[in-house]
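Throughout, protein chains are lettered first and strands after them, A, B, ... in sequence-line order, and every chain is numbered starting at 1. Since this is a predicted model, take the numbers as computed values, not measurements.
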Amino acid sequence: MKKQVVLKNLCSFEPQHIFECGQCFRWEREEDGSYTVVARNRVINVCKEKGFIVFRNVTEEEFHDIWRGYFDLDTDYGQIKKTLSEHDRFLKDATEYGSGIRILNQDLWECVVSFIISANNNIPRIQGIIQRLCQQFGDRLSYGGKTYFTFPGPERIVGDLSFLRAGYREHYIKNACETFLSSNFSDIAALDTDSARKKLLTISGVGPKVADCILLFGLERREVFPVDVWVKRCLNSLYGEAMKTKTPREFAVEAFGPLAGFAQQYLFYYMRNAGFDKTGGMKHA
DNA sequence: GCGCAGGGGGTCG
DNA sequence: CGACCCCCTGCG
């Protein structure tokens, strides 16, 4: 039987925007332009064809139980973009540029490890390290004649990790496993955002930026605003005066409130992909 | 083509 | 604040 779900009339959904806006590292772009991802211990393939969104390797039941939540389909992104675009011209351009972005609701543990690995690192290498981790410790899955691997839990990541070639992050990964297994992290989802952040910061290798990524992508805290070098550059060049008296995070919380996390994603995607240079100006202007 | 800097979605001491 | 492990990329 063919396992697929097709959606019509779904606005604000572009696989490329979703997977290439930096929230997720485990995707593959296929020859046909579709994206294949491993999440929730399953393989899924997504593409947009003539306005239809096609989810392959998914039953109706799985779609409702798992993927509707994962792809954040119950959130009205049209309204979010409208609100943000009223803030200023740059946000308006950014929301148009990344109009199909959605914030994925990812696994907490996967976010912890992935964003620890992301610190002071580049994307191809981050993806390589994660790939090797999953290949070594994850469960094997197959789809379309190819092999995929689930993301391993902390209890599975054992022994020598030098094959990961993660450098000094290797130690952080081991530490995160121990922390997750020994202290009680299962209740973190019930904590308020500041308490959850404090708890995340106890993991070595998790600083403010990584903690905010985990909160935003792994704990559905959309009011947080991860500040990386790109976003910092962006805020400084756009809102220079206002930035003198506030930290970037304070500024964002004030400016975007509960939508800060969405704003961050639109800004990040726009800055990284629309041809801006490191000063916040245009590359070829 | 190959070898060599430069620098990377920060964090720690 | 400076170092940092190890590529990945770009230039010579």
Relative to the 5' end of DNA chain B, which residue comes earlier, Q265(A) or S204(A), by the nucleotide with the nearest heavy atom? Q265(A)
On DNA chain B, check which nucleotide each of S118(A) and L201(A) is closest to and give me the residue with the more 5' one.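 Looking at the nearest nucleotide for each, S118(A) comes out on the 5' side.
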Rounded to whole angstrom units, what separation is found between the [atom1] atom of [X] and the [atom2] atom of [N]?
X: H171(A); N: dC6(C); atom1: NE2; atom2: P; result: 15 Å
X: Q127(A); N: dG9(B); atom1: CD; atom2: C1'; result: 12 Å
X: N273(A); N: dG9(B); atom1: CG; atom2: C1'; result: 12 Å
X: I173(A); N: dT11(B); atom1: CD1; atom2: P; result: 15 Å
X: I117(A); N: dG10(B); atom1: CD1; atom2: P; result: 15 Å
X: R249(A); N: dG10(B); atom1: CZ; atom2: C1'; result: 15 Å
X: I116(A); N: dG9(B); atom1: CD1; atom2: P; result: 17 Å
X: F163(A); N: dC6(C); atom1: CZ; atom2: P; result: 14 Å

Options [options], nucleotide nearest the side-chain atoms of [X]:
X: R165(A); options: dC4(C), dC12(B), dC7(C); answer: dC7(C)
X: P208(A); options: dG9(B), dC5(C), dT11(B); answer: dT11(B)
X: N120(A); options: dG9(B), dT11(B), dC5(C); answer: dC5(C)
X: N122(A); options: dG10(B), dT9(C), dG7(B); answer: dG7(B)

Would you say Q4(A) and F55(A) make side-chain contact, with heavy atoms under 4.5 Å? no
Heavy-atom count around H171(A) NE2 within 6.0 Å, excluding the residue itself: above 12?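 Counting other residues, nucleotides and ligands, NE2 of H171(A) stays at 12 neighbours or fewer.
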Using a 6.0 Å cut-off, check whether atom CD of E155(A) has over 12 heavy atoms from anything other than its own residue. yes
Distance-only donor-acceptor test, Y168(A) side-chain atoms vs dG10(B) base atoms, 3.5 Å: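 Donor-acceptor pair under 3.5 Å: yes.
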Quick one: sort the Y269(A) and H17(A) rings into parallel, tilted or perpendicular, breaks at 30° and 60°.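 Judged by the thresholds at 30° and 60°, the geometry between Y269(A) and H17(A) is tilted.
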Answer with base, sugar-phosphate or nothing: what part of the nucleic acid does [X] contact at a heavy-atom distance below 4.0 Å?
X: F268(A); answer: base
X: G22(A); answer: base
X: R125(A); answer: base
X: I123(A); answer: base
X: G167(A); answer: base
X: V231(A); answer: nothing
X: Y269(A); answer: nothing

Just by distance, no angles: are the side chains of Y97(A) and N273(A) close enough, under 3.5 Å, to form a donor-acceptor pair?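 Their side chains do not contain a donor-acceptor pair, so the 3.5 Å distance test is not met.
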Who does dC1(C) pair with, Watson-Crick or G-U, both distances under 3.5 Å?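 Partner of dC1(C): dG13(B).
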Suppose you measure atom P in dG9(B) against the same atom in dG10(C); what distance do you get, rounded to whole Å?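 That atom pair is separated by 13 Å.
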Cation-pi check for F185(A) against K199(A): NZ or CZ below 6.0 Å from the six-membered ring centre and within 45 degrees of the axis, yes or no?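 Because its charged atom sits under 6.0 Å from the ring centre and within 45° of the axis, K199(A) does stack over F185(A).
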